[in-house]
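In what follows, chains are A, B, ... by sequence order, proteins preceding strands, each numbered from 1.
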Amino acid sequence: MASRSRVTRRTVIKGALGAAGSSFIPGAAFAQGKRGGVLMVAADSEATNWNGAIAASNGVFFVTSKVLEPLADQISGGSGLKPVLATSWTPAADGRSITFQIRQGVKWHDGKDFSSADVAFSAMEVWKKLQNFGRVVFKDLEAVETPNPQTAVFKFSKPIPSQLILNALPALSTVIPKHLYEGTEIAQNPANQKPVGTGPFTFAEQKRGEFIRLERNPNYWSQNQPMVDRILYRVMADKGATAAAHESGDLHLSCFSAVSTADAVRLSKVKGLSVSTKGYEGILYTCTVEVNHKRKELADVRVRRAIRHAIDPKFLLDTVFQGFGAIATGPIPASGAPFYTTDVAQYPFDPAKAEALLDEAGYKKGSDGNRFALKILPAPFFEQTRLTGDYLRQALRRIGIDAQIETNDAPGHIAKVYKDHAYDLAIAALVYRNDPAISTTVLYRSGTPAGVPFANQYSYVDADMDKLIDQAASEINADERTKLYVAFQKKVMTDLPIIPLIDFPFLSVVSDKVVNHHNTPRWPCSSWADVSLA
Amino acid sequence: MMHRGFAERFKTNRGGIAGLVILGLVILVAAAAPLLFPGDPLDIVGRPLTEPFEDWRFPLGTDRLGRDILSGLAHGARASLFVGLVAALGAILIGILIGSVAGYFGGWIDESLMRLTETFQTVPAFILALALIAVMGPGVVSIAIAIALVSWTGPARITRAEFLTLKQREFVAASRVLGQGDSHIIFQDILPNALAPIIVLGSVIVASAILIESALSYLGLGDPNRATWGQMIASGRSVFRSAWYVSAIPGFAILLTVLAVSLVGEGLTDAANPRTGRR
């Protein structure tokens, strides 16, 4: 919306422009944004590789989505897609190809012309071969033909649901310059440290542990954009310091819950600051109990259901998540249209029923009041997963399961859960990425080799589940595909191989000086070309 | 030594007596914790973030998950004292063993043992403790072991120094003439006479062990299945601006306990050295 408005230099943006932003902070929608200024942003970590085409992760996109652009980005409503480097796309009826019209008149930051050859190179050499999710989504991509510089035709070796490819575009289609990468070791290319892109900002300077500086690209293809002169990311590892910097006015913006949820509640009452979960609809996390089916007790569905009945998600939502989130009904969050369904098995909080289920499964209470012992490994990445672990320990002890917490550092946790399977229960935050086939079904499909993180390392094997997932992955008809994913959600909640608890977005803290923000479903990972400072 | 005189002198030290009283109270609370607060102190019992004195079921309030802070404080005293005492005991045992052997035998044994001691002394104690916990895994026992392993160098040095002077004395020569073996001379003759300064140092180690345990817990390397003071402080960190008492109350408990142990230690020092002790 905002990006299509024509604004001449130095003129102000009219209030109407803030249509999307208006639901965020009513007052600020009518604030006047000018050209110029430095946007001060908190960065809580620094990636070692800024090549967003290889590492399709939110932490990388937070910075590089301003420098490198995808073919299309996500918007709410309509087709859900906004043209970026591609201006249109036409899937063939047989599902074997998609034709992209590529934007004309776009230049790389080093002055070279951008063309469909760059798209073909990125798709074949990077997304398909090197990218974490692209290796799955683009595995059947056979060739990308470029009859002219404005056309790229993606050819697939077998029929592919175009819905999946289009849903994957925002996160998985970052285009990198062929002239800098061709014939080099792509993963080791120096441009990964100082990316050269087509985006509204150029990657100017990085001082590790201090800051990352992006400068306005004066030759950006969208006229009169970007609005701000510079984006300065200050590296701030401490959540408390970030909150204090917001209060002192040193920061305009922090994303991805750079302040603790408790501090966020406090900051939301500070004048001149707003706290919101908007702008994360496309990158929701689901706090999930991962279950090791190698434990014979946990292989019994009655025990898994008992664990779910022992948990009070309302309490979790109110305390651990401070109300920021929603109770998960299944593996796909409510924002996951068109696939989402509520027509699945429900497990209300009922410790008595949980105990009855455990008794029925043959695990009676021993003389010490315990039925069996379990080891819980909460993921150390998030405050929420750690606290959920503390809660789960107490919830399970109440139904006679002697649960103990084991804490590990991040690499230790990944190795123990996803490689060595040395856990009974783990608490994870799993991301839903706009389409179940991107990073969700891999949690339920059997056959993943040990060592692949955030995949089925649960020893859960179910032939019907595998069949359902495979069918959906190759179904070309969008309606049929949706139906298959509805069936998938039902089966997940009936079998409960892992236990989704809370869908939670990240939090942003933003100064009222910022205009046009959090107006797309994955806003922190968008280009920010329309953001300005009042 | 003159044990009667020692006790007499300690009694006149007001700070030492105050420390002893506070420490006695902490020990009492720790011992009575399971009776005063039966059940798991980590259990979620009330509304989260109840303020102190707001609800008399939880006189000191509740933390982020609704766990009783007073109960955590009492049970946490057990963990802190356990870690403090076990770590100090372990450090003193290792220190005495290495220091006495080095001081008594001298020569290349002394040389090699002292180089080993210096190696440990040059590595910052806390960093070494962090590394040891990372290897052994978090838990109250492994924390006590880790702290013992990083704090034995002080007792070793002092023991060695005492042995270096005491082994020149007549009673040692007499013992040797009587045909006593090395181990008898070390442990029966010299050690009892060298013990006083080592015990004083022990109180310092108890205090620093309690602090190190808290710091480790604060960094998330404490025992996650036990209420400890450091962990209580850490859990309150994210709500520090809105609910300061969650961190401040266990912080005050640590302050009080470490202060008490230090006062007792100072009293012991003064009593052991009458010339510097009497002002």
Side-chain angles (χ1 to χ4, degrees), chain A residues 238-244 246-247 257 259-270 311-312 315-316 318-323 369 373-378 380 382-384 386-398 402-413 416 422, chain B residues 38-51 61-68 71-72 75 130-143 216-228 230-247:
Chain A
D238 186 73
K239 285 178 188 280
T242 308
H246 271 296
E247 277 177 291
S257 301
V259 301
S260 71
T261 31
D263 263 340
V265 173
R266 191 172 54 81
L267 289 176
S268 66
K269 294 172 190 127
V270 173
I311 299 170
D312 182 1
F315 178 87
L316 267 181
D318 290 345
T319 57
V320 171
F321 295 86
Q322 303 261 326
L374 286 178
K375 203 160 61 174
I376 306 174
L377 275 69
F382 300 98
E383 180 192 13
Q384 288 93 333
R386 290 194 303 266
L387 282 171
T388 301
D390 288 345
Y391 168 77
L392 183 62
R393 176 184 188 265
Q394 301 315 128
L396 292 182
R397 291 177 87 83
R398 281 193 185 167
D402 177 20
Q404 298 288 336
I405 302 273
E406 184 189 311
T407 50
N408 291 287
D409 58 359
H413 179 80
K416 283 202 167 156
Chain B
D40 189 345
L42 295 177
D43 215 352
I44 293 152
V45 288
R47 193 171 59 79
L49 295 181
T50 307
E51 287 189 17
T62 59
D63 73 357
R64 267 195 81 172
L65 283 179
R67 299 179 285 213
D68 186 358
S71 163
H75 285 267
L130 273 179
L132 288 170
I133 296 295
V135 174
M136 294 190 287
V140 167
V141 176
S142 61
I143 289 174
L216 286 171
S217 298
Y218 186 76
L219 293 178
L221 289 167
D223 188 336
N225 298 299
R226 238 184 227 245
T228 75
Q231 200 168 303
M232 290 170 75
I233 297 180
S235 78
R237 180 167 57 164
S238 60
V239 290
F240 190 72
R241 293 287 298 271
S242 42
W244 56 273
Y245 54 88
V246 179
S247 292

*Are any of the side-chain heavy atoms of B/Arg67 and A/Asp390 separated by less than 4.5 Å?*
yes

- Any chance CZ of B/Phe240 has more than 12 other-residue heavy atoms, nucleotides or ligands included, within less than 6.0 Å? no

OH of A/Tyr391 to CG of B/Leu65, rounded to nearest 0.5 Å, is 9.5 Å

query: Is there a side-chain contact between A/Arg398 and B/Asp43, using heavy atoms and a 4.5 Å cut-off?
result: yes

Salt-bridged, A/Arg393 to B/Asp40, with N to O below 4.0 Å? yes

Tightest non-hydrogen contact, residues A/Ile405 and B/Pro224, listed as O-CG, 3.4 Å

CZ of A/Arg397 to CD1 of B/Ile44, rounded to nearest 0.5 Å, is 12.0 Å

Of A/Lys239, A/Glu406, A/Glu247, A/Arg386, the largest count of non-hydrogen pairs under 4.5 angstrom with chain B goes to A/Glu247

Under 4.5 Å to a heavy atom of chain B? For A/Val259 that would be neither

I'd like to know whether CZ of B/Arg64 has more than 12 heavy-atom contacts from other residues, nucleotides or ligands below 6.0 angstrom. yes

